[in-house]
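First up is the structure itself, then whatever we jot down about it.
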Amino acid sequence: IIVRFGGWNKAVEKAGLSLVHLRNISEKDLFENIEYVWLKIGKQPVFRDIKSPISKYPRAQYVSRFGTWRKALESFIEFINTPSDENSVEELIGKSSPNDLTSEPIIKHKTKRYPSERLKVQVLMRDGNKCKLCGITLTGDNIHFDHIIPWSKGGETVLENLQVLCSKHNLAKSNLEYPKK
Ligand SMILES: [Zn+2]
């Protein structure tokens, strides 16, 4: 191969395959990829869901790292249930300009407005990918994460205050929250 193509990488390129440097992938990368796939399909991915283009990494990567897909999922569940401060507002302190504070009535929040990917997956794990109001099954961009107590009324971005809604009901709810004049 090296004689014919002038190197392994060139042969891979010639075969139309892209080079993925699998050795540099961390467990966190692999878990975040599961998070991404989970949010895209709206539910716990099964082994055959781990494929391009939704998954960044091939299935084999999970098998070689964890032994089996089941073990990979078990490690993932552990990862996702590890307390994370990702949604904490503290890191924002000092970053907001004074102008941000004058545009809206000031409500002190402990969390950021938009849930992290991890929090979204936790909501899906608890509720499944069905609209809480109409029960319709949702995937990808049709999944809306709604604050039960609205953010504008001081509701926090925490698991207990989030629910899955379809776009219709999410819109209906935000119209209630901000009545048209
Ligand atoms: Zn709905």
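First listed ligand is number 1; within each ligand, the first listed atom is number 1.
Between Glu74 and Lys71, none of the side-chain N atoms (NZ, or NE/NH1/NH2) sits under 4.0 Å from a carboxylate O, so this pair counts as no salt bridge.
Around the Zn ion (ligand 1), the protein N, O or S atoms closer than 2.8 Å are Cys131 SG, Cys134 SG, Cys166 SG, His169 ND1, listed by chain and residue number.
Two residues are said to be in side-chain contact when any heavy atoms from C-beta on lie closer than 4.5 Å; Asn81 and Gln122 meet this criterion.
Using modelled atom types, one finds a donor on one side chain and an acceptor on the other under 3.5 Å when comparing Gln163 with Asp146.
Between Phe31 and Phe66, a ring centre-to-centre spacing shorter than 6.0 Å is recorded.
Judged by distance alone, with hydrogens and angles left aside, the side-chain atoms of Asn161 form a donor-acceptor pair with the main-chain N or O of Glu156 at under 3.5 Å.
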- Checking side chain to side chain contact (heavy atoms under 4.5 Å, CB included) for the pair Ile34/Tyr62: CA distance, chi angles, key distance, verdict? CA-CA 10 Å; Ile34 297 180; Tyr62 288 90; 3.6 Å; yes
